[in-house]
Participant: 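Handing you this structure, nothing more for now.
By convention in this document, chain letters (A, B, ...) are assigned in the order of the sequence lines, proteins followed by strands, and residues within each chain are numbered from 1.
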Number of protein chains: 2
Amino acid sequence: MVTIADVARHAGVAASTVSYVLSGKRTISTDTRERVQRSVRALGYRPNASARALASQRSNVLALVIPLRTGMHVPVMMQFAAAVVTTARRYDHDVLLLTADEGPDGLERVAQSSLVDALVVMDIELDDERVPVLRELPMPSVLIGYPDDADGLTCIDLDFVAAGAHCVDHLADLGHRSLALLGTPSAVYERQTGFAQRTLTGFADAAERRGVVGVETPCEHTFDAILHTVRQLLDEHPDITGLVVQNEPIIGPLLDVLRRLGRRVPDDMSLVAICADDVAERQVPQLSSVSIPAERIGDQAVESLITKLEGGDVPALTLLPPALTARESSCQAPHRDLTTA
Amino acid sequence: MVTIADVARHAGVAASTVSYVLSGKRTISTDTRERVQRSVRALGYRPNASARALASQRSNVLALVIPLRTGMHVPVMMQFAAAVVTTARRYDHDVLLLTADEGPDGLERVAQSSLVDALVVMDIELDDERVPVLRELPMPSVLIGYPDDADGLTCIDLDFVAAGAHCVDHLADLGHRSLALLGTPSAVYERQTGFAQRTLTGFADAAERRGVVGVETPCEHTFDAILHTVRQLLDEHPDITGLVVQNEPIIGPLLDVLRRLGRRVPDDMSLVAICADDVAERQVPQLSSVSIPAERIGDQAVESLITKLEGGDVPALTLLPPALTARESSCQAPHRDLTTA
DNA sequence: TACCCCAGTCGAAGCGCTTCGACACCCCAT
DNA sequence: ATGGGGTGTCGAAGCGCTTCGACTGGGGTA
């Protein structure tokens, strides 16, 4: 392995000069700079990451904590991860992958051993045991999602309350008077996951505001569960004509189930999903949806982190406004007697 | 931050003694050992990762290169990643996440800067530009998938040739005489991706061996593409009664398409998928399938890597035997005149 | 009793880099 | 001519750890 001393010797300068050429932290004459750069190239020099980290107290590595838990929708996670890695690389950082089941200890481990300079933590629960740890850690972090008590933290998320509300508004605008939210598996709610809870809130509040009926039910991923859940829902609330779905993997089978139960989409039943755009577009009929801008959130998270690392200030909470795209799965509510409306 | 010197002072020993207690590389008296361990706990000492890496020439970090390319099936990737991280942690290693679009340079970067000790590279193409780089790198690597020329490499994969053959055998055993392979998007084949190519080979060879008709077609992910592909397939080969599907995201819509085209599964059309078990089980009818043991492959990859790091020997190529689970989607071929059989 | 060996511990030398202070040197203002 | 302030470069210290060689003392052997 070629070291900075080799480069220095080759270029006929001191090692510190090579370092300053590389970092640009002191002015170096054009002549010397070019000579050094030539030597770097000639020898194929790559600074040793550990030595650099040890001397500079900066590892240039970010930790990314991703959930690998039941009920989480994987492709969205992956989009996040991809965006985080790509953006981190733009800022000359690498990404260390941690799974959530290392828990708070895992965060302490990588932080206190100076393995990483900062952390991105996904899938924050409303009352998350990692939050107090994050607060005490001697390094910046950004949460994707946000807990009830977000004091002293930097959080980024889609505004799921608004997302839930948008869906209701969209359907109410189309004349639907009785709606249901078909949510994530119940485990996700029990875990007090922010995005699920907040969508629920947004849905319920908007339903009340609009004076429409809004019922909510979790839904597991198996076909039988979907069939059972939807059948029961429609038995108990036969007048439901609008469905909001926040549960990406069930979307395909759900369309099937509705067909089986004799409800045509959108003629008998309008559907709005909260999911990635490509999933919505792949269905037949294409789904009206509020998209989840995973890439933008991941980007934003890394950018905030880099800003914090450089001593800058970032907003405590960044809520991205949701956007609803109307496609084929939602339309005017079926005609009904106006006197009852 | 508390350093090893602090611990040494607190325990009344030399820093080197603390180091030996922690690493176990020299015998330390029970008395001293316990005293040191108490001090470590009392002070909450965590060794500095960079210092350790610099001194020991070991970062205890593995690189994981995952594809984030078009047509790749994301949940399977994620399962790999999860298995790799989990197993790496078991061996006290962390995982640095790289995306394939950093290309060969990315591998050189992390390797030559000693950021990592070893690499796991996924989604290897038959003629992969990263392979020569990997061969020259001064550290061990394990490939998931394998190129045409696997000389000097360590590769692990599901035996996709056998997987393709198993599917044919299963259907042929049930009396089907005309089969089709509904494959991945054509981009995946064009990229010369190993698993897709090999499945194709296994399928074609087995079809010939069994004396059945076997046609193959790639298939994109959109509903329209699926509809078009299947319709054309059945138009051109109306006698097809068995379908092998290697394209996880289209499975849901495919069942839909078949229904729409008036083919009942399994009565008119038997189906075998190559996909994760949970996906197969979630469908209606449940799919006969060859499962992709992502977790086992990930585990195995890390274990081989650790063995290599410790100077041990590992087989150049590990092919995991595929297992086919018969479920509801495949059955005896429809009755036909025996004289033509 | 003299010797050797081993278990247990220490001190010091690095690992490869960054960064601080010091030092030339040159140019400009006096 | 002389002093002052940049500019460009160097040397050395030090980041926190591992590891090597050396040292000490006690127990066994001859």
Participant: Side chains of A/S29 and A/D31: any donor to acceptor distance under 3.5 Å?
Facilitator: no
Participant: If the threshold is 4.0 Å, N to carboxylate O, is there a salt bridge linking B/D6 and B/R9?
Facilitator: yes
Participant: Check whether any side-chain nitrogen or oxygen of A/K25 sits under 4.0 Å from OP1 or OP2 of C/dT19, and answer yes or no.
Facilitator: yes
Participant: Report yes if the side chains of A/R296 and A/L158 come closer than 4.5 Å at any heavy-atom pair, otherwise no.
Facilitator: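 No, too far: nothing below the 4.5 Å cut-off.
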Participant: I need the CD1-C1' distance between B/I4 and D/dT18, as an integer number of Å.
Facilitator: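 Rounding to the nearest Å, CD1 of B/I4 and C1' of D/dT18 are 8 Å apart.
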Participant: Measuring only between side-chain heavy atoms, which start at C-beta, is B/H93 closer than 4.5 Å to B/L309?
Facilitator: yes
Participant: Flag the pair A/D101 and B/R89 as a salt bridge only when some basic side-chain nitrogen lies within less than 4.0 angstrom of an acidic carboxylate oxygen.
Facilitator: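 Looking at A/D101 and B/R89, the cut-off is not met.
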Participant: Short of 4.0 Å, heavy atom to strand atom, which residues of residues 48-57 of chain B count as contacting DNA chain C?
Facilitator: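 Heavy-atom contacts with DNA chain C come from B/L54, B/A55.
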Participant: Can you name the atoms? Protein N/O to nucleotides 9-12 of chain D N/O, anything below 3.5 Å, with the distance.
Facilitator:
unit_1 : atom_1 : unit_2 : atom_2 : d
D/dT9  : OP1    : A/S29  : OG     : 2.8
D/dT9  : OP1    : A/T32  : OG1    : 2.1
D/dT9  : OP2    : A/S29  : N      : 2.8
D/dT9  : OP2    : A/S29  : OG     : 3.2
D/dT9  : OP2    : A/T32  : OG1    : 3.4
D/dT9  : O4     : A/R26  : NH1    : 2.7
D/dC10 : OP2    : A/A14  : N      : 2.8
D/dC10 : OP2    : A/T17  : OG1    : 2.4
D/dC10 : N4     : A/R26  : NH1    : 3.4
D/dG11 : N7     : A/S16  : OG     : 3.3
D/dG11 : O6     : A/S16  : OG     : 3.1

Participant: Could you check if a side-chain atom of B/T154 sits within less than 4.5 angstrom of a side-chain atom of B/P140, using non-hydrogen atoms only?
Facilitator: no
Participant: Take atom CZ of A/R46 and atom C1' of C/dC17, then tell me their distance rounded to the nearest Å.
Facilitator: 17 Å
Participant: Separation of A/L115 atom CG from D/dC17 atom C1', in whole Å?
Facilitator: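 Distance, rounded to whole Å: 14 Å.
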Participant: Starting from P on C/dT9, measure out to CG on B/L22 and report it in whole angstrom.
Facilitator: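 So the two atoms are 15 Å apart, to the nearest Å.
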Participant: Just to be sure I understand the rule, does B/S19 reach a base, reach only the sugar-phosphate, or reach nothing, if contact means heavy atoms closer than 4.0 Å?
Facilitator: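 Counting heavy atoms under 4.0 Å across all strands, the contact made by B/S19 includes a base.
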Participant: Check whether any side-chain heavy atom of A/Q197 sits under 4.5 Å from a side-chain heavy atom of A/F160, and report yes or no.
Facilitator: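 Heavy-atom side-chain distance check fails, nothing below 4.5 Å.
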Participant: Could you tell me if the side chain of B/M1 sits less than 4.5 Å from the side chain of A/Q57, heavy atoms only?
Facilitator: no
Participant: Any side-chain heavy atom of B/L317 within less than 4.5 Å of one from B/C155?
Facilitator: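 B/L317 vs B/C155: side chains touch.
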Participant: Tabulate protein N/O versus nucleotide N/O from nucleotides 26-28 of chain C, keeping only pairs under 3.5 Å, one per line.
Facilitator:
none

Participant: Using every non-hydrogen atom in the two residues, find where B/A11 and B/S39 come nearest and quote the distance to one decimal.
Facilitator: CB-OG, 3.3 Å
Participant: Can you check whether B/V131 reaches B/D149 side chain to side chain, under 4.5 Å on heavy atoms?
Facilitator: no
